[in-house]
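What follows is a set of notes on a single structure, which appears directly below.
These values consider heavy atoms only, across backbone and side chains, with no hydrogens, waters or symmetry-generated copies.
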Amino acid sequence: MFRRLRSHNDGDRRENQHERSWKICNELVLRGDAAMATYLIRHSPRLSGEVEVSTAKNAVLPLLAAGLLTEDPLVIKEVPRITDVETLLGILRDCGAEVKRSGNDVSVCALQPQSPSHDEHMRKLRASILVLGPILTRSGSACVGLPGGCAIGQRPIDLHLKGLQAMGAQVHPIGGRRQLSGRLTGTRIYLDLPSVGATENLMMAAALADGLTTLENAAKEPEIVDLANCLNRMGACINGAGTGTVTIMGVDRLHGTIYKPIPDRVEAGTLLCAAAVTDGSVLVRGACPEHLRSLLFKLAETGVGLRETPAGIRVNGRAISPFEVRTLAYPGFPTDMQAPMTVVALGCHGSSILHETVFENRFMHVTELNRLGAQIRVEGGMAIVEGGAPLRGAMVRSTDLRAGAALMLAGLIASGETILNDPAGHIERGYQDLPEKLRALGADIEQTEDLLGL
Ligand code: UD1
């Protein structure tokens, strides 16, 4: 009788809590803007099953921009349905390209690319700056608004501009825009930092410049290699991508091709962390172990079981041992995995330390995780996590893309219900169907659309 009564009361309490959570979600939607997303996440069981990784956002964005380098159609296969891609496609149309989606494939055809006229689109997306190199090298001039994106640091574009200037471009500020003009000539460029975006922009600009360009201290990310592979298929002459020195011999013209980009290593890593925090057993299909080495070593150090199979990466069990990790350019530990890895640290008993060295403002998720009961303090560029503190559901807010994903994972292990408010739609900007994928593994996540029957 006591058991029944207690379980009945627990049921009532859960019902009331759910009612309250639902009301809060409802209010958030009613007073919110169109891009808003709110998720109701309940404490979830161990995730289990199989999940497929989408194509890499960070590979697809520069590849689509590369469509501006040729008058032929460039077809990119398996383009993820995320808002960052839609924003870039809008910018490419604004640049005069014809953009068509056919199923999961997107073709870009740019007979005569021109500068984008809508600065507000450029401000929505950091990767919008990737149209600069292609338009300039193809048409001899380009004028672009400054890019935006996640507010995780200052994110200047000085390295992009310095590199193009070294190749002979004249750079003039016009209001909030930058006007560049001149025929580009190959030269030797040293990047002060191995910037991913600058390496991509300069590689694309150099592909149609006169003579040989050498990029020193270039970024080595797999997405750079993917872009170089596609450009070479289009007729470019690029060597050394994936190393610190990339050489590009300019050619007169590039032609179209059909290209399938690499799988998303950050999405794969996020799903591996989701399994690891819930003591799960999950096969992350299509994940490429070679692209995830630093994360796999770190997860293994925490005690998570990992097995590489031809189909992908299988993860088993929970993270237990605390760890120390430092974000670095590839092949170092990716800054994009720092927030999900902070959630992994919450389940490890003892102090873990996460050093952020790539972006200066990338601990915004810490305040939100602490609202759930996490014990994390930030000291300069490092977050110190006292793992093992019990997490309780609360209302939290997504501050950037990877922070949003990390909060979703934290909601899975917090007791009760967590309301994740994502006013800028960060999660949908970069993850295709993340709540759906987690749900298919057993996670208890609802979206406001589901809750309100929209
Ligand atoms: C890319 C990724 C992003 C990832 C980041 C670092 C895409 C679309 N985005 O962003 O997910 O977090 O790499 O791995 O691929 N910097 C300058 N001046 C510049 C350019 C960069 O100082 O002109 C600095 C940045 O502020 C940052 C560091 O260099 O501190 C690395 O940035 P970068 O590699 O350029 O990142 P993104 O290409 O913007």
Any T309 side-chain heavy atom under 4.5 Å of I313 side chain:
no

Pair L409, C273 - check side chain to side chain contact (heavy atoms under 4.5 Å, CB included), show working.
CA-CA 8 Å; L409 302 198; C273 290; 3.9 Å; yes

Is there a side-chain contact between L369 and V385 (heavy atoms, below 4.5 Å)?
no

Candidate pair I445 and L40, rule side chain to side chain contact (heavy atoms under 4.5 Å, CB included), full reasoning
CA-CA 6 Å; I445 302 177; L40 179 58; over 6 Å; no

For K220, look at atom NZ and say whether over 12 heavy atoms of other residues, nucleotides or ligands are found less than 6.0 Å away.
no

Looking only at heavy atoms, what is the nearest atom pair of I189 and G163, with distance?
CD1-O, 3.5 Å

Side-chain donor/acceptor of T199 to backbone N/O of S195, under 3.5 Å
yes

Would you find a donor on one side and an acceptor on the other, under 3.5 Å apart, between the side chain of S352 and the backbone of P322?
no

Thinking salt bridges, do E368 and R397 make one under a 4.0 Å N-O criterion?
no

Is there a donor-acceptor pair closer than 3.5 Å between any side-chain N or O of S48 and the backbone N or O of G280?
no

NZ/NE/NH1/NH2 to OD/OE distance under 4.0 Å, K124 and D119
no

What is the minimum heavy-atom distance between V251 and A236, and which atoms define it?
CG2-CA, 4.4 Å

Measuring from atom CG of L401 to atom CD1 of I427, what distance do you get when rounded to the nearest 0.5 angstrom?
8.0 Å

Whether the side chain of R138 engages the backbone of A110 through a donor-acceptor N/O pair (distance < 3.5 Å, no angle test) should be reported.
yes

Polar side-chain atom of D226 near backbone of I262 as donor-acceptor pair, under 3.5 Å:
yes

Indicate yes or no: does K298 engage E301 in a salt bridge with an N to O separation below 4.0 Å.
yes

Does the side chain of R265 reach to within under 4.5 Å of the side chain of E223, using non-hydrogen atoms?
yes

Could you go step by step and tell me if H426 and D400 meet the side-chain hydrogen bond (donor to acceptor under 3.5 Å, both in side chains) rule?
CA-CA 6 Å; H426 285 298; D400 64 79; over 6 Å; no

Tightest non-hydrogen contact, residues S44 and D444, listed as OG-N, 2.9 Å

Below 4.5 Å, heavy atoms only, C-beta onward: do P263 and T55 meet side chain to side chain?
no

To the nearest 0.5 Å, what is the distance between CG on L202 and CG on L215?
5.5 Å

State the CG-OG1 distance between N217 and T245, to the nearest 0.5 angstrom.
8.5 Å

Taking the side chain as everything from C-beta on, heavy atoms only, tell me whether Y39 gets closer than 4.5 Å to M408.
yes

Verify, without hydrogens or angle tests, whether T278 (side chain) and A274 (backbone) share a donor-acceptor contact under 3.5 angstrom.
yes

Just wondering, do L295 and F333 contact through their side chains at under 4.5 Å, heavy atoms?
yes

Quick one: does T243's side chain have a donor or acceptor within less than 3.5 Å of a partner on G240's backbone?
yes

Would you say that more than 12 heavy atoms from the other residues, nucleotides or ligands in this model lie under 6.0 Å from the CZ of R293, or not?
yes

Is it true that the side chains of E324 and H355 contain a donor and an acceptor less than 3.5 Å apart?
yes

So do the side chains of L180 and L164 get within less than 4.5 Å of each other, counting heavy atoms only?
yes

If only atom types and distance count, is the side chain of R233 paired as donor or acceptor with the main-chain N or O of I258 below 3.5 Å?
yes

V282/E50 under side chain to side chain contact (heavy atoms under 4.5 Å, CB included): CA gap, chis, key distance, verdict:
CA-CA 6 Å; V282 171; E50 299 186 359; over 6 Å; no

Have E356 and T335 got a donor and an acceptor in their side chains that come within less than 3.5 Å?
yes

For G404 and S398 the tightest heavy-atom approach is CA-OG, 3.4 Å

How far apart are the closest heavy atoms of Q338 and L354, and which atoms are they?
O-CD2, 3.7 Å

Are K162 and D192 close enough, and set up right, to give a salt bridge (charged side-chain N to carboxylate O under 4.0 Å, His left out), and what steps lead you there?
CA-CA 10 Å; K162 262 171 77 179; D192 296 331; 2.8 Å; yes

With rounding to the nearest 0.5 angstrom, report the CD to CG distance, Q375 to L391.
9.5 Å

Would you kindly say whether H255 and D72 are connected by a side-chain donor-acceptor distance under 3.5 Å?
no

Assess whether side chain to side chain contact (heavy atoms under 4.5 Å, CB included) is satisfied between L146 and I157, documenting all intermediate values.
CA-CA 8 Å; L146 298 180; I157 54 162; 3.7 Å; yes

Side chain of T302, backbone of A319: donor and acceptor closer than 3.5 Å?
no

When rounded to the nearest 0.5 angstrom, what distance separates CG in L68 from CG in L136?
12.0 Å

May I ask you to check whether S54 and K437 show a side-chain donor-acceptor distance below 3.5 Å?
yes

Taking the side chain as every heavy atom from C-beta outward, state whether V266 and T270 have any atom pair closer than 4.5 Å.
yes

When rounded to the nearest 0.5 Å, the distance separating OG1 of T87 from CG of L92 is 11.0 Å

More than 12 non-hydrogen atoms from neighbouring residues, nucleotides or ligands closer than 6.0 Å to CZ on R101, yes or no?
yes

Return the minimal non-hydrogen interatomic distance between D279 and G317, and the atom names on each side.
OD1-CA, 3.2 Å

Between the main-chain N or O of E267 and the side-chain N or O of D264, is there a donor-acceptor pair closer than 3.5 Å?
yes

Within 45 degrees of the axis of the six-membered ring of F363 and under 6.0 Å from its centre: does R377 put its NZ or CZ there?
no

Show, in sequence, the C-alpha distance, side-chain angles and deciding distance for E216 and R188, and conclude whether the salt bridge (charged side-chain N to carboxylate O under 4.0 Å, His left out) test is met.
CA-CA 7 Å; E216 302 276 12; R188 211 176 176 86; 2.7 Å; yes

Would you call R439 and E446 a salt bridge, taking side-chain N to carboxylate O under 4.0 Å as the test?
no

